[in-house]
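The shown structure was predicted, so the numbers you read here are calculated from the model rather than taken from an experiment.
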Amino acid sequence: MMDQLEQQRLARILNQTLSIALVGASNRPERASYQVMEYLLQQGYQVHPINPQLAGAIILGQTCVAELDELDQPVQLINVFRRGEFAADIALEAIEHDALCLWLQEGVQSTAAAESAAEAELEYVEDLCIKKVHRQLLG
């Protein structure tokens, strides 16, 4: 369970965020990444799906790109639906792109990503569902 300070930190991150890159996006409605993307769009966030296998596909009205480098605008938050071993590289990309927060979804953890984020003073969240947290704190 989150303590009050952590709840305040997460609420602040969610309130400051306008634009989200969703790494590991899916075009399948039964997948968590699809459901989370749909929820975030409904909450008024700009969500940019990222998945090399689906590049060019339209997911929930948004064009999917292969990687962060292909986005034509900055994003504040990188939401990661990839296994933990990919998170360290994504953390470095997030830092390179001046993101404010790297958020690893429920079940995703990475010591290397956490260390990179801390070094770069990048807000870091791991093993939490952004949809559940948003619902709980701001919903």
Side-chain angles (χ1 to χ4, degrees):
M1 194 59 229
M2 290 181 275
D3 67 17
Q4 195 170 357
L5 271 175
E6 181 65 356
Q7 287 181 16
Q8 289 169 348
R9 182 178 83 94
L10 296 177
R12 179 178 45 74
I13 290 167
L14 291 168
N15 280 321
Q16 288 176 346
T17 297
L18 302 170
S19 179
I20 298 171
L22 199 141
V23 178
S26 174
N27 57 359
R28 300 189 1 226
E30 69 274 11
R31 300 294 297 263
S33 61
Y34 182 96
Q35 293 162 17
V36 167
M37 182 173 164
E38 187 173 44
Y39 175 82
L40 293 171
L41 286 166
Q42 287 165 354
Q43 300 309 310
Y45 294 100
Q46 292 176 350
V47 185
H48 307 278
I50 298 180
N51 184 329
Q53 278 86 46
L54 296 172
I58 305 292
I59 303 174
L60 293 162
Q62 312 303 309
T63 303
C64 188
V65 296
E67 55 190 39
L68 279 172
D69 282 338
E70 292 179 33
L71 290 177
D72 52 8
Q73 61 215 16
V75 290
Q76 282 111 9
L77 189 147
I78 316 278
N79 187 213
V80 182
F81 281 89
R82 301 280 320 270
R83 291 194 310 273
E85 62 261 32
F86 298 108
D89 287 341
I90 296 167
L92 296 176
E93 286 183 52
I95 293 160
E96 204 177 287
H97 285 268
D98 295 323
L100 304 176
C101 179
L102 180 67
W103 190 305
L104 308 186
Q105 273 302 121
E106 218 167 52
V108 184
Q109 295 173 303
S110 167
T111 305
E115 287 168 358
S116 295
E119 247 172 67
E121 297 181 16
L122 175 70
E123 291 280 8
Y124 181 79
V125 181
E126 70 175 14
D127 196 19
L128 281 177
C129 175
I130 194 168
K131 175 181 171 182
K132 290 178 186 170
V133 171
H134 188 280
R135 250 199 201 132
Q136 182 187 339
L137 300 179
L138 307 174

Is Leu92 reachable from Phe81 through a run of I, L, V, M, F, W or Y residues, each pair having side-chain heavy atoms under 4.5 Å apart?
no
Any heavy-atom pair between the side chains of Tyr45 and His134 that's under 4.5 Å?
yes
Any idea which heavy atoms bring Pro49 and Ala25 closest together, and the distance?
CB-CB, 3.5 Å
By side-chain contact (heavy atoms from CB on, under 4.5 Å) - contacts of Ala21 (at least two apart):
Ile50, Leu68, Leu71, Val75, Ile78
Would Phe86 and Trp103 show up in the same hydrophobic cluster when neighbours are defined by side-chain heavy atoms closer than 4.5 Å?
no
Is any side-chain heavy atom of Ser110 closer than 4.5 Å to a side-chain heavy atom of Leu104?
yes
side-chain contact (heavy atoms from CB on, under 4.5 Å) partners of Arg12, counting only residues at least two apart
Arg9, Gln16, Glu123
At what distance, to the nearest 0.5 angstrom, does CZ of Arg82 lie from CG of Asp89?
9.5 Å
Report yes if the side chains of Asp3 and Glu6 come closer than 4.5 Å at any heavy-atom pair, otherwise no.
yes
Short question: side chain of Tyr124, backbone of Glu115 - any donor-acceptor pair under 3.5 Å?
no
Hey, what do you get for OG1 (Thr17) to CD (Gln46), rounding to the nearest 0.5 Å?
11.5 Å
Atom CD of Glu121 with >12 non-hydrogen neighbours under 6.0 angstrom:
no
Same apolar cluster (I L V M F W Y, side chains within < 4.5 Å links), Leu22/Val133:
yes
Can you hop from Leu41 to Leu138 via hydrophobic side chains spaced under 4.5 Å?
yes
Side chains of Glu96 and Asp69: closer than 4.5 Å at any heavy-atom pair?
yes
Distance from Leu77 atom CG to Leu102 atom CG, nearest 0.5 Å?
8.0 Å
Are Ile90 and Leu100 connected, step by step, through hydrophobic side chains (Ile, Leu, Val, Met, Phe, Trp, Tyr) whose heavy atoms are closer than 4.5 Å?
no
d(Arg135 CZ, Ile130 CD1) to nearest 0.5 Å is 13.0 Å
Count the heavy atoms of every other residue, nucleotide or ligand shown that sit under 6.0 Å from CD of Gln73, and state whether that count exceeds 12.
yes
Check the surroundings of atom CD in Gln4: do more than 12 heavy atoms from other residues, nucleotides or ligands lie under 6.0 Å from it?
no
Pair Glu106-Lys132, side chain to side chain contact (heavy atoms under 4.5 Å, CB included): steps then yes or no
CA-CA 10 Å; Glu106 218 167 52; Lys132 290 178 186 170; 3.0 Å; yes
If you round to the nearest 0.5 Å, how far is NE2 of His48 from OG of Ser19?
3.0 Å
